[in-house]
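Atoms considered below: every heavy atom in the structure, side chains included; atoms not considered: hydrogens, waters and symmetry mates.
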Amino acid sequence: MAETMIVTPDQIEMRPGTRGNIKGLTVMHVNEGAPYITFLESAPHHYAQVHSHSEDEVMVVVKGRMLFNGRWCETGSRIFVPAHEEYWYSTGEEACRVALIRPKGRGTFENGLEAIAGDPAKPNSAKPKSADESADGSADDATR
């Protein structure tokens with residue numbers, strides 16, 4: 001049975017991701033079971049490739065802002081992503097922290113099915129800096 005969890009801002013301790021090799025992503029896991037709860041912080045000029053997850057996902061931007069599928073999401077924005085729906089995100093000049101919740105559990109990371117290089121909906125600041133950064137295809141354990 002799930003128990004009530006409260007995490008206050010002073011309790012958030014971000015650490016480098018432990019799996020995968022997404023540069024500039026830090027995490028803090030709150031609950032590994034169901035619901036799966038974690039904080040993710042992406043560095044400035046970060047880009048996350050098109051991908052999906054096997055579980056529904058709720059994100060709340062708690063610091064900074066991010067470009068999510070071509071739309072800017074400021075602090076306080078809430079995003080719901082159904083299971084298996086592909087998405088991408090990037091950051092601009094500042095880092096962005098999100099609270100991420102998957103009500104039924106962590107689930108699995110699924111690579112995107114469509115190439116996005118040259119996607120006109122994405123501004124230049126959202127593109128990876130090099131082919132190596134966009135081609136590694138890995139994800140931190142928080143995003144899997």
Side-chain angles (χ1 to χ4, degrees), residues 1-114 116 119 121-144:
M1 183 163 158
E3 63 183 64
T4 301
M5 289 178 271
I6 298 173
V7 179
T8 58
D10 62 309
Q11 294 174 303
I12 299 172
E13 294 181 32
M14 304 302 289
R15 296 185 178 98
T18 55
R19 286 191 229 155
N21 54 9
I22 291 181
K23 296 172 186 162
L25 186 69
T26 56
V27 302
M28 179 187 156
H29 297 295
V30 176
N31 190 55
E32 292 286 335
Y36 174 73
I37 304 171
T38 193
F39 287 94
L40 299 176
E41 186 165 306
S42 299
H45 305 290
H46 176 83
Y47 171 74
Q49 70 178 15
V50 173
H51 67 282
S52 62
H53 300 276
S54 63
E55 300 297 329
D56 291 345
E57 185 170 62
V58 176
M59 289 180 259
V60 179
V61 179
V62 296
K63 177 182 161 190
R65 67 184 195 147
M66 69 176 170
L67 190 64
F68 185 90
N69 284 351
R71 183 173 174 188
W72 282 107
C73 296
E74 308 287 334
T75 299
S77 296
R78 291 160 299 277
I79 303 162
F80 172 74
V81 183
H84 312 292
E85 182 173 309
E86 292 183 335
Y87 69 91
W88 61 270
Y89 70 89
S90 64
T91 58
E93 297 293 322
E94 62 183 319
C96 178
R97 181 180 296 169
V98 299
L100 183 141
I101 303 158
R102 295 190 191 123
K104 295 181 181 176
R106 173 182 251 164
T108 58
F109 177 86
E110 302 169 338
N111 287 323
L113 302 175
E114 297 181 22
I116 57 161
D119 182 343
K122 229 176 19 193
N124 288 336
S125 65
K127 291 182 183 175
K129 293 183 179 165
S130 72
D132 292 339
E133 289 177 14
S134 64
D136 69 21
S138 62
D140 182 274
D141 65 338
T143 58
R144 289 181 191 228

Visitor: First locate atom CG of L25, then atom CZ of R15, and finally report the distance between them rounded to the nearest 0.5 Å.
Guide: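 Spacing of CG (L25) from CZ (R15) equals 14.5 Å.
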Visitor: Hey, what do you get for CD (E93) to CZ (R65), rounding to the nearest 0.5 Å?
Guide: 9.0 Å
Visitor: Using modelled atom types and a 3.5 Å cut-off, is there a donor and acceptor pairing between side-chain atoms of S42 and backbone atoms of C96?
Guide: no
Visitor: At what distance, to the nearest 0.5 angstrom, does CZ of F39 lie from CD1 of I101?
Guide: 8.5 Å
Visitor: Which heavy atom in P103 sits nearest to a heavy atom in A34, and how many Å separate them?
Guide: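 Distance-wise, the nearest heavy atoms are O-CB, 3.7 Å.
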Visitor: Once you round to the nearest 0.5 Å, how far does OG of S77 lie from CZ of R71?
Guide: 7.5 Å
Visitor: Can you tell me how far CG of L67 sits from OH of Y89, rounded to the nearest 0.5 angstrom?
Guide: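 The OH atom of Y89 sits 12.0 Å away from the CG atom of L67.
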Visitor: Measure the acute angle between the ring planes of H51 and Y87, then classify it against the limits of 30° and 60° as parallel, tilted or perpendicular.
Guide: tilted
Visitor: In sequence, state the C-alpha distance, the side-chain angles, and the governing distance for V61 and E74, and then conclude on side-chain contact (heavy atoms from CB on, under 4.5 Å).
Guide: CA-CA 7 Å; V61 179; E74 308 287 334; over 6 Å; no
Visitor: Whether the side chain of T91 engages the backbone of H45 through a donor-acceptor N/O pair (distance < 3.5 Å, no angle test) should be reported.
Guide: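 Pair found, side chain donor or acceptor close to backbone of H45.
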Visitor: Would you call the rings of F109 and H53 parallel, tilted or perpendicular if under 30° counts as parallel and over 60° as perpendicular?
Guide: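 Geometry flag for H53 against F109: perpendicular rings.
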Visitor: Determine the minimum heavy-atom distance between S54 and A83, stating which atoms define it.
Guide: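 The pair with the smallest heavy-atom distance is O-CB, 3.4 Å.
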Visitor: Of the non-hydrogen atoms in Y36 and H29, which two are nearest, and what is the gap between them?
Guide: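 Shortest heavy-atom separation between Y36 and H29 comes out as OH-CE1, 3.3 Å.
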Visitor: Could you tell me whether a side-chain N or O of T38 sits under 3.5 Å from a main-chain N or O of L100, the two making a donor and an acceptor?
Guide: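 Side chain of T38 to backbone of L100, a donor-acceptor pair under 3.5 Å: no, none is there.
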Visitor: One thing to verify: whether R106 and E55 come together as a salt bridge, which I'm taking to mean a side-chain N less than 4.0 angstrom from a carboxylate O.
Guide: no
Visitor: Which heavy atom of I6 sits nearest a heavy atom of Q11, and at what distance?
Guide: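 Where I6 meets Q11 most closely, the heavy atoms are O-OE1, 3.6 Å.
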Visitor: Closest approach of T26 and M14, non-hydrogen atoms and distance?
Guide: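 Of all heavy-atom pairs spanning T26 and M14, the closest is O-CE, 3.4 Å.
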Visitor: Give me the atom names and distance for the closest heavy-atom approach of M5 to I37.
Guide: CE-CD1, 3.8 Å
Visitor: Counting only heavy atoms not in E13 (residues, nucleotides, ligands), do more than 12 fall under 6.0 Å from its CD?
Guide: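 Not buried by this count: 12 neighbours or fewer within 6.0 Å.
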Visitor: Atom CZ of R102 and atom CD of E57: how far apart are they, to the nearest 0.5 Å?
Guide: 4.5 Å
Visitor: Just by modelled atom types, is the P82 backbone N or O under 3.5 Å from a matching donor or acceptor in the D56 side chain?
Guide: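 Answer holds: no.
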Visitor: Is there side-chain contact between E41 and I12, with at least one heavy-atom pair below 4.5 Å?
Guide: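 Side chain of E41 against side chain of I12, heavy atoms only: no contact under 4.5 Å found.
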